[in-house]
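Single-structure report; data block below.
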Amino acid sequence: MRKLSRSCMPILLACLAPLTASAQAPYSPSGSFHVQCPAATLLHPGGSGTGNSTPASAEAPYTGPIYRTAAKDPTGAYTFTPALTFLDHGGAIKCQEISGGDGMMTEADGNQTFMFSFGPLSGMGAIQNGLPGTQFSNIFNNPYTAGDLSGNYQNGQPNPNFDGTSPTDPVAPGANGALSDPAGIMNTGVLNGNIPAPLMAFDEDDEFLLSLSNVGMIMRPDLFEQHTVHFHGYPNASSFYDGVPDASLAINIGGTFTYYYVAPDAGTYFWHCHITPPEHLQMGMVGQLFVRPRQNRLQSGDNLFNRLAGCAVPPGSPTGTTVTCPARGVSSVVGQQSDLRTSCNPATDILCSAPIPVANTGATQPTGGAKYVYNDGDGSTAYDIDVPMQIHGFDPNFHFVGMTFNPEGFADMKDKYFLLNGRSYPDTVGVAGGPADVLGELAGASNPNPTTHAISTNDTDSISRPSQPLTSLITLSASGGHACAATVTVCGQRAALRIADLDVQEYQTLSSIGIPMLVVGFNAKILRDQAGNNLYIKTNSITLGGGESLDVILDSTGVAPGTYFLYTPQLDHLSNDAENFGGLMTEVVVIP
């Protein structure tokens with residue numbers, strides 16, 4: 001039953017979403033770019049408690065699934081006969097816009113490398129500050145007007161939407177509107193690639209609309225490359241939105257396609273272009289994605305176990321509705337076991353996404369909320385700081401011939417730059433000034449922005465653009481955390497390392513000396529058996545292959561202040577082409 005519900009609902013919503021979508025109005029009547037982000041849908045119709053109420057940028061608390069009957073859309077434009085009854089799981093509508101094209105990035109040895117790449121067309125201020133570019137619809141649908149007093153985009157090119165009356169800091173996290181004007185999309189998207197590609201993050205039960213505009217490759221005008229977005233490992237039931245061109249479609253130059261997803265299961269995923277993957281992945285068309293769990297949205301004081309294991313008929317259920325629950329269900333509480341899509345019964349479903357813990361530990365949602373990696377039911381995956389970390393490798397020769405109209409030698413591909421979030425050491429910690437330089441030990445090896453810590457690259461048109469926005473430096477307080485055990489007098493902070501390997505060449509290993517790693521998830525699934533036993537791994541070394549992800553927690557509780565290293569013991573991966581030391585290495589700075 002769960003699998004049927006998972007398959008049918010996204011497909012049904014995919015058919016209905018265009019009917020309810022209020023597309024962002026373009027500023028030009030012509031052009032094939034068409035960006036959309038609906039303000040309301042059947043799943044999130046607006047109004048109180050739907051996750052898309054006023055203010056639309058607020059997450060509604062999760063109190064369990066609720067049956068809703070939709071007789072007509074929010075504008076009353078049409079009706080269903082008979083009326084459609086469905087489960088509302090909360091969440092909200094969120095959107096993001098990206099470009100597919102090319103760009104340049106700066107290696108730690110100063111070499112500038114050509115990329116096939118994705119770039120941001122929405123949330124540009126957030127992206128530059130190392131934050132996800134995913135936005136609520138009311139923010140996404142605001143015209144992008146951030147710029148300097150001359151009305152420039154962040155990349156120095158004219159902004160046709162800038163009115164000159166209320167200039168905004170161009171790198172502020174709030175400068176997040178999307179671009180829908182064709183000239184703006186082209187002016188901003190051309191040569192504006194990022195490595196990693198723009199960061200995406202949304203919440204379980206959200207409707208996520210991702211618009212990809214193919215702006216072409218200015219450095220390779222002979223290539224009419226199509227692009228797609230494939231969410232690797234993501235449990236999307238509709239192949240139409242899967243990004244594999246054999247089963248769906250690909251986006252031509254000058255066109256936009258909006259992918260539609262209903263966020264199912266929490267965890268760390270990643271995404272990439274699925275056109276000739278060995279080439280486009282090697283060239284840099286790879287990005288990070290993580291889904292936050294429902295447990296984050298619980299109200300203060302809620303018992304985590306009850307809200308996971310609770311099983312009762314949801315309020316508003318049609319007459320005669322029954323719910324079959326596993327033995328450990330808490331029958332008096334409406335929780336995730338009442339949701340047919342995510343209920344977990346080990347006797348019938350060996351692949352359930354959120355197994356219930358063995359026992360109720362009494363863990364509750366703290367005042368002010370908390371962040372969790374998964375719906376754990378016991379608070380064991382609580383953390384303070386998100387650290388998305390993408391492992392990748394570049395073959396400079398492959399990239400050179402990719403820019404110079406020469407045949408690419410796939411059989412001879414050999415990575416010589418090894419990257420964490422698009423940077424090799426010491427650029428991984430290359431913070432110029434900034435609050436993270438707490439021990440006076442960090443010196444920028446390249447050219448990070450002192451405010452955003454993003455590395456910019458001077459492109460072939462002499463414009464400097466943010467090319468590598470995500471730093472890999474981790475700063476933790478030894479006494480400033482809140483997600484700690486009750487038996488600990490002074491607790492530190494916990495960083496959730498969301499590690500994804502998108503290398504097309506080799507396995508990669510990361511070691512942490514001095515701060516143990518706690519591995520809590522693998523390939524977007526909590527490490528727990530179906531009986532409810534936590535199978536977390538405490539180690540100082542993890543290994544990933546291309547296409548794998550791990551969720552690792554670093555805890556600074558009891559760790560002496562100082563600088564620690566997160567690095568690879570594979571010595572040939574500690575290099576920047578011919579220069580040592582570099583590659584897969586970053587620092588964890590623990591402050592008092």
Side-chain angles (χ1 to χ4, degrees), residues 59 126-134 173 196 199-203 266-269 288-293 295-297 365-366 368-374 376 379-391 420-421 423 428-431 434-439 442 448 451-454 469-485 488 490-500 510 512 514-521 526 536 538 542 549-566 586-592:
E59 293 282 359
I127 292 291
Q128 266 202 68
N129 282 270
L131 303 173
T134 311
L199 178 64
M200 302 175 188
F202 43 92
D203 293 85
T268 298
Y269 304 89
Q288 284 280 71
L289 161 71
F290 59 90
V291 179
R292 294 176 287 251
Q295 191 166 291
N296 286 10
R297 309 200 306 270
Q365 186 79 331
K371 296 193 290 186
Y372 306 91
V373 183
Y374 291 100
D376 53 50
S380 57
T381 67
Y383 69 95
D384 301 285
I385 301 170
D386 273 301
V387 184
M389 189 166 289
Q390 178 178 295
I391 300 174
L420 286 175
N421 287 342
R423 309 187 193 185
T428 51
V429 296
V431 179
D437 193 7
V438 291
L439 300 181
L442 308 178
T451 301
T452 66
H453 304 161
L470 273 178
T471 177
S472 299
L473 177 68
I474 304 168
T475 304
L476 298 173
S477 169
S479 59
H482 64 268
C484 60
V488 179
V490 178
C491 60
Q493 287 184 309
R494 305 181 92 195
L497 275 58
R498 300 179 176 273
I499 306 173
L510 283 178
S512 174
I515 307 178
M517 294 176 165
L518 182 67
V519 183
V520 299
I526 189 171
Y536 304 158
K538 198 167 189 178
I542 53 99
S549 68
L550 286 172
D551 297 292
V552 174
I553 292 178
L554 296 182
D555 191 345
S556 63
T557 300
V559 176
T563 299
Y564 301 82
F565 289 93
L566 185 67
T586 188
E587 297 177 6
V588 182
V589 178
V590 178
I591 62 177

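Quantities reported herein were computed from a predicted structural model and do not represent experimental measurements.
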Item to check | Verdict with supporting geometry, Met517 and Leu554, side chain to side chain contact (heavy atoms under 4.5 Å, CB included) | outcome: CA-CA 5 Å; Met517 294 176 165; Leu554 296 182; 3.9 Å; yes
Check whether [X] reaches the backbone of [Y] with its side chain - one donor and one acceptor, N or O, closer than 3.5 Å.
X: Ser512; Y: Ile515; result: yes
X: Ser556; Y: Gln493; result: yes
X: Thr134; Y: Ala201; result: yes
X: Asn296; Y: Tyr372; result: yes
X: Asp551; Y: Arg498; result: no
X: Thr557; Y: Gly492; result: yes
X: Thr586; Y: Ser472; result: yes
X: Gln128; Y: Ala454; result: no

Enter the distance from [X]:[atom1] to [Y]:[atom2] here, rounded to the nearest 0.5 Å.
X: Thr428; Y: Glu587; atom1: OG1; atom2: CD; result: 7.0 Å
X: Leu470; Y: Leu131; atom1: CG; atom2: CG; result: 9.0 Å
X: Ile385; Y: Leu476; atom1: CD1; atom2: CG; result: 5.0 Å

Closest approach of [X] and [Y], non-hydrogen atoms and distance?
X: Ala478; Y: Val590; answer: CB-CG1, 3.9 Å
X: Ala495; Y: Val387; answer: CB-CG2, 4.0 Å
X: Val520; Y: Tyr374; answer: O-CE1, 4.1 Å

When you compare the side chain of [Y] with that of [X], does any pair of heavy atoms fall below 4.5 Å?
X: Val588; Y: Thr563; answer: no
X: Asp555; Y: Leu518; answer: no
X: Phe290; Y: Val373; answer: no
X: Leu510; Y: Ile391; answer: yes
X: Pro196; Y: Asn421; answer: yes
X: Leu566; Y: Met389; answer: yes

Checklist entry - Which of these passes side-chain contact (heavy atoms from CB on, under 4.5 Å) with Leu497: Asp386, Ile553, Ile474, Thr268? => result Ile474
Next on the checklist: Between Val291 and Asp203, is the side chain to side chain contact (heavy atoms under 4.5 Å, CB included) condition met? List the steps.
Outcome noted: CA-CA 5 Å; Val291 179; Asp203 293 85; 6.0 Å; no
Checklist entry - Should Asp384 and Arg494 count as an ion pair when the cut-off is N to O under 4.0 Å? => result no
